[in-house]
Protein chains: 2
Amino acid sequence: MTLTQLRYLVAIADAGLNITQAAERVFATQPGLSKQLRHLEDELGLQMFSRSGRSLEAVTPAGALVIERARKIIDEAESIRALAANMRHESTGELRIATTHTQARFVLPPAIAKLKHEFPDVNIHLMPGGDAELLELLHRDEIDMAIMSGTSSPPSGYIAVPVFDWERVIMMPNTHPLTDVGDDITLSQLADYPLVSYESATSPDSSLRKAFAAIELAPRIACTARDADLIKTYVRAGLGVGILAEMAILPEDRADLELRCIDNLLPTCTTWILVRQDRLLREYALAFISGLAPQIERKKLPRMLNPDEPDQFPAPFHWRDLHGSNCPNS
Amino acid sequence: MTLTQLRYLVAIADAGLNITQAAERVFATQPGLSKQLRHLEDELGLQMFSRSGRSLEAVTPAGALVIERARKIIDEAESIRALAANMRHESTGELRIATTHTQARFVLPPAIAKLKHEFPDVNIHLMPGGDAELLELLHRDEIDMAIMSGTSSPPSGYIAVPVFDWERVIMMPNTHPLTDVGDDITLSQLADYPLVSYESATSPDSSLRKAFAAIELAPRIACTARDADLIKTYVRAGLGVGILAEMAILPEDRADLELRCIDNLLPTCTTWILVRQDRLLREYALAFISGLAPQIERKKLPRMLNPDEPDQFPAPFHWRDLHGSNCPNS
DNA sequence: CGCGTTTACGTCGTTCGTAACGATA
DNA sequence: TATCGTTACGAACGACGTAAACGCG
């Protein structure tokens, strides 16, 4: 059993049992992986994958157990490498962040700029995606951290660093009938108009749907997008009332769009940074986290990320307390 | 970085930074380990050990972190091998148990006989030792499990399976003055005579000493031994009153020795099986555990030993409830 | 001078890539 | 026929052990 064999094994598992594709991902040749897989299976005396003909069909129960442990091993090995790089005060490397559009476009830029300033030789890769995709990337270890939001508790199985709380606001053209209602708009009034919001609003357990369901109404979602800029475009086009994150509001939006805060209508969201357990982060990744979440002391961060001694994270700030309110009616 | 390098690294650490000795333990040559250590250090770009001249002096802080993770890795690798052997229903292997003399002599024999009957091809190694040595062996991964007892909670950092509860009894020659006192002997009466007990009684935080300290007396320990048979010998020789585990009483002891139960004088002891976390046990090791601790269902055992889902262990039986009482006065 | 580490060197095993082959949809 | 996995083979590398040299107590 070698580390290489285990790395190949999980690569094959992660590539959906396609050895050729797995070989590309680990920068090796397909026969190499085939042979190493066979060697591993010979040594352990059991098949990791069930075969039909020559191609891999499914992961065997035994294989699943082995893969699970193999992941831990390569995780720890990667941690050793990261640890060594940290000890050498190496300031080059990669930082792969998967996140939603709103975070990438409106929240992360200052933190990334700061990071680039402190660590100019770090390559930052931003990967946009929906929540499920982010978790999948994190699980497959293709990213260092995922940054995502939610109204309830964060997904388990990862370390979740609370970054900040935020509210949703509504947005409509100046000419929209709802502008005459005044400052305090209700959910039932909102239910009268088509809405434009994030893709996640289509999920039946989204906080938006649940809020409407609580008063026995259902929102009419005219269209959805992952992209806050697209939502604004459709709102401007008159497709409906936009519901989006307060971070997404730019000063110039106020020129032609009417904003309203609806803090009491929808639950507060929290943005988390998700990190794999037992994965040691590079120095610059820690710097990035504490740059994004200033309530967390930089030097306490390593201990907080250690799953063995679960130090509690401090309560996050509210976005508004740091960046001011975008709400004329609050 | 290879698994071999990591194995060599922890071997060197465990051998007290003596590469030659480490080489013997891993069945390799000393230059081989030297070179692999150097390669690892070169690749990681940092020294695992500080050198003075040509010999290793101490573990560097970075080295300690690496070794810690390396241990996890070889642990997981070992688990994969064990898992594979289990899946193949292989019934050969080694079971290395470190335990105290009392357990080995009076408690384990039936369980070991049963194990040998079920798995005739398993080699069982029993290693006697004091509590500290057992923990050290367990930490160094030279044994599969440690079986030891205590009155308070078990040592942390390991999985502790409670096996059974037991009491201490006192033992003296027929001619001893205390035999006239009657059934209810008190601590202050005991304090009048020299005692013979286990080595652990010399420790200032032993439950024996603490029990005496609670009534502001100190026991006079005439002599101590790890070995219950030795304690009996010295009691027979008239050196003092023996205090030992009720499991250590044999029927023939009643012929020339007087026994008394002192359940209310000293706290109840619990015997635990200690297992390393994240270490997968072989099938026969699980069979041994459930043979020793019948209150634990065999099929629930794997889940209970998984540190991720801490299933509670059932409360252990009392020794007496399974094996009858050795006490004339109870 | 003994103990322990390093260096040097030759051998052996293993890994890896290229290329050809085979099976499958 | 395109795709994917296996087999074959040769080259290169790396690991290992033996033997000798080096420092240190």
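No experiment lies behind these values; they were computed from the predicted model shown. Every chain is numbered from 1 and lettered A, B, ... according to where its sequence line falls, protein lines coming before strand lines.
- For B/Ala98, the side-chain contact (heavy atoms from CB on, under 4.5 Å) criterion is met by B/Met127, B/Leu134, B/Leu137, B/Ile143, not counting sequence neighbours.
- For A/Asp42 and C/dT14, the CG to P distance is 13 Å, given to the nearest whole Å.
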>> Strictly under 4.0 angstrom, non-hydrogen atoms only: write out the protein contact profile of nucleotides 9-19 of chain D, one letter per nucleotide from the 5' end, B, S or -.
In response: ------SSBBB

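- You'll find that the side chain of A/Ser34 is closest to D/dT6, out of C/dT5, D/dC4, D/dT6.
- Atom CG of B/Leu37 and atom P of C/dG4 are 17 Å apart (whole Å).
- With sequence neighbours excluded, the residues forming a side-chain hydrogen bond (donor to acceptor under 3.5 Å, both in side chains) with B/Ser34 are B/Gln30, listed by chain and number.
- For the pair B/Glu41 CD and C/dT5 P, the interatomic distance rounds to 13 Å; values are reported in whole Å.
- Direction change of the helix axis from one end of the helix from C/dC1-D/dG25 to C/dA25-D/dT1 to the other is 30°, with five pairs defining each end axis (rounded to 10°).
- Remark: A/Asn18 is in phosphate contact with D/dG5, judged by side-chain N or O atoms under 4.0 Å from OP1 or OP2.
- Going from atom CZ of B/Arg51 over to atom P of D/dC24 covers 15 Å, rounded to whole Å.
- Side-chain atoms of A/Thr100 and A/Tyr198 form no donor-acceptor pair, as typed in the model, at a separation below 3.5 Å.
- With sequence neighbours excluded, the residues forming a salt bridge (charged side-chain N to carboxylate O under 4.0 Å, His left out) with A/Lys300 are A/Glu297, listed by chain and number.
- Taking atom CD1 of B/Ile19 as the reference point, atom C1' of C/dT6 lies 9 Å away to the nearest angstrom.
- Residues in residues 14-35 of chain A take part in these salt bridge (charged side-chain N to carboxylate O under 4.0 Å, His left out) pairs, two or more places apart or across chains: A/Asp14-A/Arg71, A/Arg25-A/Glu142.
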For a quick test of your reading: what N or O donor-acceptor pairs under 3.5 Å do the side chains of residues 76-84 of chain B make, sequence neighbours left out?
residue	atom	partner	partner atom	Å
B/Ser79	OG	B/Asp75	O	3.1
B/Ser79	OG	B/Asp278	O	3.3
B/Ser79	OG	B/Leu280	N	3.0

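- For B/Asp229, the side-chain hydrogen bond (donor to acceptor under 3.5 Å, both in side chains) test picks out B/Arg105, with sequence neighbours left out.
- The side-chain hydrogen bond (donor to acceptor under 3.5 Å, both in side chains) search around B/Glu57 returns B/Ser52, not counting sequence neighbours.
- With a 4.5 Å cut-off on side-chain heavy atoms, A/Asp141 and A/Ile74 do not count as touching.
- Applying the side-chain hydrogen bond (donor to acceptor under 3.5 Å, both in side chains) test to B/Arg226 and every residue at least two apart in sequence or in another chain returns B/Glu133, B/Glu199.
- In this structure, the CZ atom of A/Arg38 is 17 Å from the C1' atom of C/dC16, given to the nearest Å.
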Mind listing the side-chain donor-acceptor pairs of residues 59-70 of chain A below 3.5 Å, one per line with the distance, residues two or more places apart or on another chain?
residue	atom	partner	partner atom	Å
A/Thr60	OG1	A/Gln47	O	2.8
A/Thr60	OG1	A/Met48	O	3.0
A/Thr60	OG1	A/Gly63	N	2.9

Contacts under 3.5 Å, N or O only, protein and nucleotides 23-25 of chain C:
residue	atom	partner	partner atom	Å
C/dA23	O4'	A/Arg54	NH1	3.3

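- The CD1-C1' distance, from B/Ile12 to C/dT5, rounds to 11 Å in whole Å.
- Regarding A/Leu17, its CG atom lies at a distance of 9 Å from the P atom of D/dG5, rounded to whole Å.
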